[in-house]
Amino acid sequence: MNLLAAAMVAVSLGAGTLADEPPVIVREVGGLSQDTLSAVEQVAGLVGAEWTVVDQGMLRLLGVTRGGEDVQRPEPGFGYPMAVAVVDPAVTDILYGPGVGDVLGRGEMVMSTLSARMRGAEVGDVVELEGWNGTVMAMTIGAVVPDPVLGWQEILLPVDAGRTLGLRRPAWAAIWDADDAGLLRSGLEAFLPEGPIVVVHPGDPIRVRDRTLPQVLVKLRFGEFSFAFAEGDRIDIEDAWEKENIVWVDHPRLGRFRCNRHVVPYLEAALREVERLRIDWMLDHRRLPAGRRLLQPEADAGIGPGFRPVPARLGDSGRSQPVYQPLRGPGSSRRSDRQRLPSMGVRVGGRVDGARRNALRVGHHSPGRGHEPLQSLRAPAGAVPRLRRRVRSTGKLFGQMRDGGVVDIERVARMRSRCGALISLYLNRPPGPSSAAVTDLLKPIRARLDRLPRETAMSVREDLARLGELDARIDAEMAPAYCAFASHADDVFEFHLLPHQVWDVATLGRRAYVRPLRAMPEPIRAGVVVAERRKAEVYLAEDGEVDRVGAPIVGHVKKDNFGGFQGYDEHNVRRHAEEDTARILKEAGDRLFEAHQRKPLDLLVVGGHQADLDMLDEHLHAYLRALPIRRFVVDPHTLTEARLRELVEEAAEELRRTRDEEAARRVLEAAGSGEPTALGVAKVLEATNARAVELAVVAGTFTREGVMCPRCGWLHRQEQTCAVCGNPTEEVDDVIGAAWEAILEAGGTVRQLRTAGQIDAHGVAALLRFPV
């Protein structure tokens, strides 16, 4: 988590700069080591660049006064924790914008807007800070600036004040004005020591998505408390805050524990989600009082229920490592266990000779987890055979080919054009020749050429010509849809086949337009059973593919000699037939459960005669019975593979619609109950800028034009100047798509609804983490 927070702050600071070219940010988990500092200094000298180091740490605020009167004052001996950054005033304007350096140069401090609002502070107030060395220093607030500009730090101090307070912790370094940006990148790669170091270059993507809120936002949501140092590493928290915020919670799953009252609703929602995903077996409430992770050690290793540790042979380390193998369930034979054990062994640490690695994964493919999963764009059966063969041949979810290969959405989302010349084109397969369709899509971009800067216009002309030549390629490739990305100025030209239809659109801007890719149907992993009394077949279905799991399970009892002595033979045969049917259905259920343990299923699809379907339910594990189940009555003898594929896809599509309806209902119910929500484009953009969106829902292909700050990503409908950094904004064709990316980067979730509903009245709505 430290690495995630490091990347978030590094990107925030890099994006907030107002220099001609944003600086390169270098950050290391735990602070910059001396080796890292030396490497930065050496590389900066080689490329003729300027560089600086910013110290960050936590200081205690002992009071805020105005005209000698207390504005905020904790109890004697107590203080409020404040996130503080220390920077050289001479380079502050490069990192934080114009005017900030003048304030620090006068020996005054800068406070963030939210922190000042929280304590009622204003420019001119005096703040008392306690340093790491025990020194208490009073400083005047010289400016109050937006939090993103300060990288979500609460206070900015000049170097002299930081040294007086003993704050010496190099958190990150900034490098700018290099003679050769490419040489700077290569030099850092060559000279930086090994370790968890994050380097963000201008135009680089955000490396990770961080769901950790900055400290000031945590304070706003859960309350700010003061504390005093106690014996050892312990602290005492003010009684008033503790009485108001900390409560005892009795939970049937986690037991009795203390928690912030504002966290309880979120914790309950998370536990409901854990139960819905059928991974509640991973929780161990005994670990909660010790402040440890709630996952059982087996769950930490990605091991499902029903496994036991067994001795393993010595690995390379010379120490015995435990291997978890499945326990035999009631009725299972030793022979079947011996067949299953080699493929189900799971190693925990070290390497176990002879034990095959298991692909068991903890987690579930669901948008309810708070982040949008990467979507597989493999072709459905019968739609794009050539594309499917490419995926199978590479063995990868996302292909490496950039001309007709599988689309890596995250890589495309990171595409940037320095002059705003990146064209994104999406086209469904037209009924006739595609040349007219491509020409019509590109007409709006061609009409803007006269208003574009010369460099951008020249690049766009080149790309329009190249995109216009794609008609032959499109007509030759039998795919449901296509997409292309082109920027001659940035040496970008890609063409991809898509397995699902999108909507026809062409955009021009600094970033690739990926909303049509984000909105494609999410992959559903389904377990399938087609059963009758004498036979059962198990399948796994995902991304349009239906693959059989093992050989068909067949019975061994024959119906013969029904007229035997006094009917005894007939009775025995029927009894054995019933036992054989139970065995068949149980083995089918076991295969499904093993597949679910390897990779959780989203859906069960079962087919057969009605009586057989009723019997199958008795042999399904409780986790499988908790899944959405789609039943269909069919004669297994006449069921074809094509019809089975259709039934599975219908069930998957029904599950997608159900998830859409649940997301829309969740947002609307929250709005009706007074929970933090945002309805409409303006409100959602405001919440997106504040990183407050937990879940957003969009009504179909609803779009609106808007503006975006190219420096910090601030979004609005029409403002010409960024409210955060003062930079001129640029027009974007679809501000909803831009907000979608910003929400994902902040750890939120977005769903585009495909059915009409109440969300249509607003176009877009969002459930928020905290009020905005």
Side-chain angles (χ1 to χ4, degrees), residues 375-394 396-409 411-412 415 417 421-449 459-488 490-509 512-521 543-545 642 645-646 649 701 703 733-734 737 754:
Q375 301 186 31
S376 167
L377 297 183
R378 280 189 289 175
V384 193
R386 291 178 58 187
L387 180 58
R388 188 184 309 118
R389 285 196 296 270
R390 288 171 184 163
V391 175
R392 288 175 173 173
S393 65
T394 60
K396 298 180 180 179
L397 190 63
F398 298 121
Q400 298 300 318
M401 296 173 290
R402 298 192 179 184
D403 183 22
V406 181
V407 181
D408 182 342
I409 304 179
R411 183 188 59 79
V412 173
M415 288 184 182
S417 171
L422 181 56
I423 298 177
S424 303
L425 172 69
Y426 293 88
L427 175 68
N428 287 317
R429 180 169 184 80
S434 61
S435 56
V438 174
T439 301
D440 289 342
L441 273 180
L442 296 177
K443 275 183 180 179
I445 296 178
R446 187 174 287 106
R448 296 165 56 181
L449 282 173
S459 175
V460 171
R461 285 193 179 93
E462 291 283 346
D463 293 327
L464 289 175
R466 289 196 292 177
L467 292 172
E469 297 172 355
L470 283 178
D471 55 343
R473 179 73 181 277
I474 292 174
D475 295 336
E477 297 281 4
M478 298 298 294
Y482 315 87
C483 67
F485 306 94
S487 176
H488 181 75
D490 303 283
D491 195 24
V492 172
F493 192 85
E494 299 186 14
F495 173 78
H496 300 279
L497 312 179
L498 300 180
H500 300 281
Q501 288 193 339
V502 289
W503 62 91
D504 296 345
V505 63
T507 67
L508 174 67
Y513 183 55
V514 295
R515 180 180 167 187
L517 298 180
R518 299 283 190 200
M520 297 185 77
D543 300 331
E545 298 285 353
R645 189 180 297 112
E646 291 177 1
E649 186 54 37
T701 57
T703 59
D733 297 330
D734 182 9
R754 290 174 290 169

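Side chains are part of it too, since the values below use all heavy atoms of this structure and drop only hydrogens, waters and symmetry mates.
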Say you draw a straight line from CD of Glu494 to OG of Ser487; how long is it, rounded to the nearest 0.5 Å?
-> 11.5 Å
Residue pair Leu449 / Arg461: nearest heavy atoms and the distance that separates them | CD1-CG, 3.9 Å
Rounded to the nearest 0.5 Å, how far apart are CG of Asp440 and NZ of Lys443?
-> 5.0 Å
Flag, side chain of Asn428 to backbone of Val502, donor-acceptor distance under 3.5 Å = yes
To the nearest 0.5 Å, what is the distance between OH (Tyr426) and CD (Gln501)?
-> 15.5 Å
Closest non-hydrogen atom pair, Arg515 against Gly737 = CD-CA, 4.0 Å
When you check the gap from the basic side-chain N to the acidic O, do Glu462 and Arg466 get nearer than 4.0 Å?
-> no
Expected output: side-chain Asp475 to main-chain Ser434 donor-acceptor under 3.5 Å = yes
When rounded to the nearest 0.5 angstrom, what distance separates CG in Leu425 from NE2 in His496?
-> 12.0 Å
Keeping the roles fixed (side chain from Arg754, backbone from Ala519), state whether a donor-acceptor pair exists under 3.5 Å.
-> no
Donor-acceptor pair, side chain of Ser459 and main chain of His488, under 3.5 angstrom | yes
So Val438 and Leu470, side-chain contact (heavy atoms from CB on, under 4.5 Å) or not? Walk me through it.
-> CA-CA 8 Å; Val438 174; Leu470 283 178; 5.6 Å; no
Spacing of CG belonging to Asp463 relative to CZ belonging to Phe485, to within rounding of 0.5 Å | 13.0 Å
Identify the two heavy atoms, one from Ala481 and one from His500, that lie closest to each other, and give their separation to 0.1 Å.
-> CB-O, 3.4 Å
Gap separating the CZ atom of Arg473 from the CG atom of Leu497, nearest 0.5 angstrom | 6.5 Å
Shortest non-hydrogen contact from Leu467 toward Ala484 = CD2-CB, 3.8 Å
Flag the pair Asp471 / Thr439 as yes when at least one side-chain heavy-atom distance between them is below 4.5 Å, and no otherwise.
-> no
In Asp734, Val505, Thr701, the residue satisfying side-chain contact (heavy atoms from CB on, under 4.5 Å) with Pro516 is Val505
With distance as the sole criterion, is a donor-acceptor pair present between the side chains of Tyr513 and Asp733 under 3.5 Å?
-> no
Measure the acute angle between the ring planes of Tyr482 and Phe495, then classify it against the limits of 30° and 60° as parallel, tilted or perpendicular.
-> parallel
Which heavy-atom pair separates Val492 from Leu422 by the least distance, and what is that distance?
-> CG1-CD1, 4.3 Å
Do you see a donor-acceptor pair shorter than 3.5 Å between the side chains of Asp490 and Ser417?
-> yes
